[in-house]
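Input: a single structure, listed below in structure tokens.
Along the sequence shown, residues carry numbers from 1. On a predicted model such as this, the values are computed, not experimentally measured, just so you know. We count ligands from 1, going down the list as the structure has it; atoms in each ligand are counted the same way. Hydrogens, waters and symmetry mates play no part in the numbers below; they use all other heavy atoms, side chains included.
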Amino acid sequence: MSSRILHPGLRGRLMSADLAAALIHDGDNVGMSGFTGSGSPKVVPQALARRIDDAHHRGEHFRIGVWTGASTSAELDGALAKVNAMDLRLPYQSDPQCRARINAGQMDYIDVHLSHVAQYVWFGFFGPLDVAVVEVAGILEDGRLIPSTSIGNNKTWLEQAGKVILEVNSWQPAGLEGMHDVYYGTERPPHRKPIPLVHPNDRIGEPYLKVDLDKVVAVVETHHADKSAEFSPPDATSRAIAGHILDFLQHEVKHGRLPAELLPLQSGVGNIANAVLEGLNNGPFKGLTAYTEVLQDGMLEMLKSGTLASASSAALALSPAALAEFNADLDHWRRRVVLRPQEISNHPELIRRLGIIAMNGMIEADIYGNVNSTHVMGSSIMNGIGGSGDFARNAYLSIFMAPSTAKGGAISTLVPMVSHVDHTEHDVQVLVTENGLADLRGKSPRKRAELIIQHCAHPSFRPELQDYLERARAGASGQHTPHLLDEALSWHGRYLKTGHMR
Ligand code: 0RQ
């Protein structure tokens with residue numbers, strides 16, 4: 001028996017993953033831990049997938065709602081999606097099988113801003129939460145829980161669920177204890193008070209999660225690694241994007257619009273975001289801070305070099321090699337890294353107060369600066385909005401970036417009109433591709449269109465975008481945001497018919 005379970009009563013509730021999964025029933029809403037590949041339960045979801053698959057083979061109805069922090073791993077989303085176990089999934093996901101089920105119309109998906117999830121559960125907007133399945137790194141003698149490599153929505157799941165199943169994962173290093181800051185001061189309106197966080201690395205809560213011990217129906221021991229993604233080494237495109245952002249930030253410092261140590265950084269998921277962090281690490285900046293939701297490899301490198309003095313996040317999102325390096329020196333990192341619930345890491349009040357520089361990926365943007373982060377050709381979900389909206393709308397500077405083409409040059413990521421809007425032109429200040437950067441601050445829609453076409457569009461699509469803009473200026477019904485409505489989405493339609501936007 002693991003020395004990680006110090007509470008005698010909870011030790012008495014140890015059981016197998018299969019027995020724990022048997023406590024989850026058809027129609028249940030289940031809140032699972034997990035944020036990126038970090039901290040999701042490893043064995044109960046797989047046991048549950050087997051149980052549901054068996055039920056389906058017997059012709060029984062058995063599907064559940066799955067609420068998480070953000071994306072999880074193949075052991076959770078992948079295993080459950082494979083056997084069509086999920087009736088509903090929320091919020092962010094990125095598993096290929098999960099995505100396929102959603103896009104085939106076989107599973108409902110609600111794409112919620114990450115900071116909204118916990119409060120919507122508290123408000124009762126999603127109905128009751130029946131079960132929580134939460135990975136922890138250990139249980140103290142008094143029953144408090146040592147969180148794992150992500151906190152996500154775990155505080156809310158533990159508080160709101162009728163029944164709690166704990167996975168105690170001894171693979172997670174014991175040294176994670178003390179790295180977390182769980183704030184217990186959030187109330188429902190009209191009783192809310194200011195959240196007392198004024199510096200990115202402030203600690204305003206406690207290092208442990210609390211749970212009503214009477215609700216814990218099962219404790220399951222595991223020894224399984226987090227399944228985090230590998231990053232591709234930055235290519236010429238992502239390096240060029242990083243270079244434009246670096247030049248821009250230096251320009252802003254020079255003109256007194258940013259301090260020399262910048263403002264706290266938020267950086268989204270993916271290879272481009274990681275390349276931007278690498279660019280920053282090779283740049284002139286020192287003593288920066290991060291207030292973000294995923295701590296990727298690039299950020300660890302920045303912490304190692306001193307470019308970054310501290311980082312606040314909702315989760316670690318490190319590749320296996322970077323995670324091994326991080327785990328080898330937790331005493332060092334505990335002073336520089338703090339992990340928080342996502343309702344705090346992504347809280348609009350704090351993002352606005354701290355003055356975050358938000359840098360997120362996008363699928364496409366239109367000539368007026370509306371951004372689509374989530375949908376391919378208007379109808380198919382890619383991942384979800386994640387935290388990008390929490391940060392973009394409330395940031396000091398809101399930057400969106402992408403290569404100027406996708407699918408081998410067949411798609412222009414700059415289009416006349418986006419096929420789906422996640423971030424409106426009002427929330428987007430800077431657009432960046434490998435071709436350049438468009439600073440949209442203080443610009444009218446007509447000026448924005450010129451800048452975006454000139455600076456961001458790929459040369460092979462630029463003349464067509466320019467032609468569209470000119471004809472829209474000549475023929476639109478209004479001249480504030482000129483569009484030709486019969487043509488605005490024709491680029492997407494053409495791609496679907498011919499495999500090319502041109
Ligand atoms: O698909 O792999 O099938 O070729 O989209 O594109 O270029 O690899 O970019 O990994 O940085 O992801 C917006 C999805 C970008 C991500 C998005 C296709 C492209 C490829 C991925 P393939 P890339 P990235 C904090 C912040 C929302 C959440 C967020 C994202 C795939 O950044 O999910 O920001 N953002 N959270 O081929 C059709 C286009 C396309 C396109 C790219 N215009 N049309 N397909 N693709 N552009 C983190 C959290 O919230 C947890």
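The stretch residues 383-404 participates, sequence neighbours left out, in these ring pair (Phe, Tyr, Trp, His ring centres under 6.0 Å) pairs: Phe400-His423.
Atom 33 (O) of ligand 1 is approached by the protein to below 4.0 angstrom, counting heavy atoms only. The nearest protein heavy atom to atom 50 (O) of ligand 1 is closer than 4.0 Å. The protein reaches atom 25 (C) of ligand 1 closely, with a heavy atom under 4.0 angstrom from it. Less than 4.0 angstrom separates atom 43 (N) of ligand 1 from at least one non-hydrogen atom of the protein. Distance check on atom 8 (O) of ligand 1: every protein heavy atom falls at or beyond the 4.0 Å cut-off. Distance remark: protein heavy atom present below 4.0 angstrom from atom 47 (N) of ligand 1.
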> Does the pair Glu135 and Asn154 meet the rule for a side-chain hydrogen bond (donor to acceptor under 3.5 Å, both in side chains), with working shown?
Replying inline: CA-CA 9 Å; Glu135 178 182 278; Asn154 295 351; over 6 Å; no
Notebook entry, point to check: Step by step, would you call Arg101 with Gln106 a side-chain hydrogen bond (donor to acceptor under 3.5 Å, both in side chains)?
Noted result: CA-CA 5 Å; Arg101 289 273 183 212; Gln106 295 162 346; 3.0 Å; yes
- [ ] Check the pair Asn360, Ser388 against side-chain hydrogen bond (donor to acceptor under 3.5 Å, both in side chains), reporting the backbone distance first and the verdict last.
- [x] CA-CA 6 Å; Asn360 290 295; Ser388 56; 5.4 Å; no
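Taking every heavy atom of Val376 and a limit of under 4.0 angstrom, the matching atoms of ligand 1 come to 38 (C), 45 (N). If you number the atoms of ligand 1 from 1 as listed, the ones under 4.0 Å from a heavy atom of Thr413 come out as 43 (N). In summary, the atoms of ligand 1 found under 4.0 Å from a heavy atom of Gly268, numbered by their order in the structure, are 25 (C), 26 (C). Each of the atoms 50 (O) of ligand 1 lies under 4.0 Å from some heavy atom of Leu114. The atoms of ligand 1 that sit less than 4.0 Å from any heavy atom of Gly386 are 50 (O).
Nearest to atom 18 (C) of ligand 1 by heavy-atom distance, out of Glu364, Gln266, Met382, is Met382. For atom 13 (C) of ligand 1, the choice among Met359, Met401, Met362 with the nearest heavy atom turns out to be Met362.
By the 3.5 Å distance cut-off applied to N or O atoms, Asn383 is counted among the residues near ligand 1. In terms of polar-atom proximity, defined here as any N/O pair under 3.5 Å, Tyr92 does make such a contact with ligand 1. Of the polar atoms of Ile363, at least one N or O is found under 3.5 Å from an N or O of ligand 1, judged by distance alone. Ligand 1 has no nitrogen or oxygen under 3.5 angstrom from a nitrogen or oxygen of Ile411. Among the atoms of Lys407, some N or O lies under 3.5 angstrom from an N or O of ligand 1.
The aromatic rings of His458 and Phe461 sit perpendicular to each other, their planes meeting at more than 60°, with 30° as the lower class boundary. Ring planes of His113 and His116: perpendicular class, angle over 60° (limits at 30 and 60°).
Look at Gly384 and you'll find a heavy atom under 4.0 Å from some atom of ligand 1.
Only one option out of Gln93, Arg89, Lys82, Arg99 pairs with Asp77 in a side chain to side chain donor-acceptor pair (under 3.5 Å); it is Arg89. No option in Lys155, Arg340, Arg334 other than Arg340 meets the salt bridge (charged side-chain N to carboxylate O under 4.0 Å, His left out) test with Asp181.
No hydrogens or angles considered: nothing links the side chains of Asp422 and Ser373 as a donor-acceptor pair under 3.5 Å. For the 3.5 Å distance criterion, the side chains of Ser398 and Asp427 fail to qualify, holding no donor opposite an acceptor. A side-chain donor from one of Glu364 and Ser419 sits under 3.5 Å from a side-chain acceptor of the other.
Closest approach of Glu425 and Tyr368 over heavy atoms only: CB-O, 3.5 Å. In terms of heavy-atom proximity, Phe326 sits nearest to Leu316 at CE2-CD1, 3.6 Å.
Counting only heavy atoms of the protein, atom 10 (O) of ligand 1 lies nearest to Gly270 CA, 4.2 Å. Summary of contacts: the protein heavy atom closest to atom 35 (N) of ligand 1 is Ser373 O, 3.9 Å. At the top of the distance list for atom 41 (C) of ligand 1, counting protein heavy atoms only, stands Ala406 CB, 3.9 Å.
Proximity of Met362 to Val418: side-chain heavy atoms (C-beta onward) are nowhere separated by under 4.5 Å.
If you look at Glu293 next to ligand 1, the close heavy atoms, those under 4.0 Å, all belong to the side chain. With a heavy-atom cut-off of 4.0 Å, Ile385 touches ligand 1 through its backbone alone.
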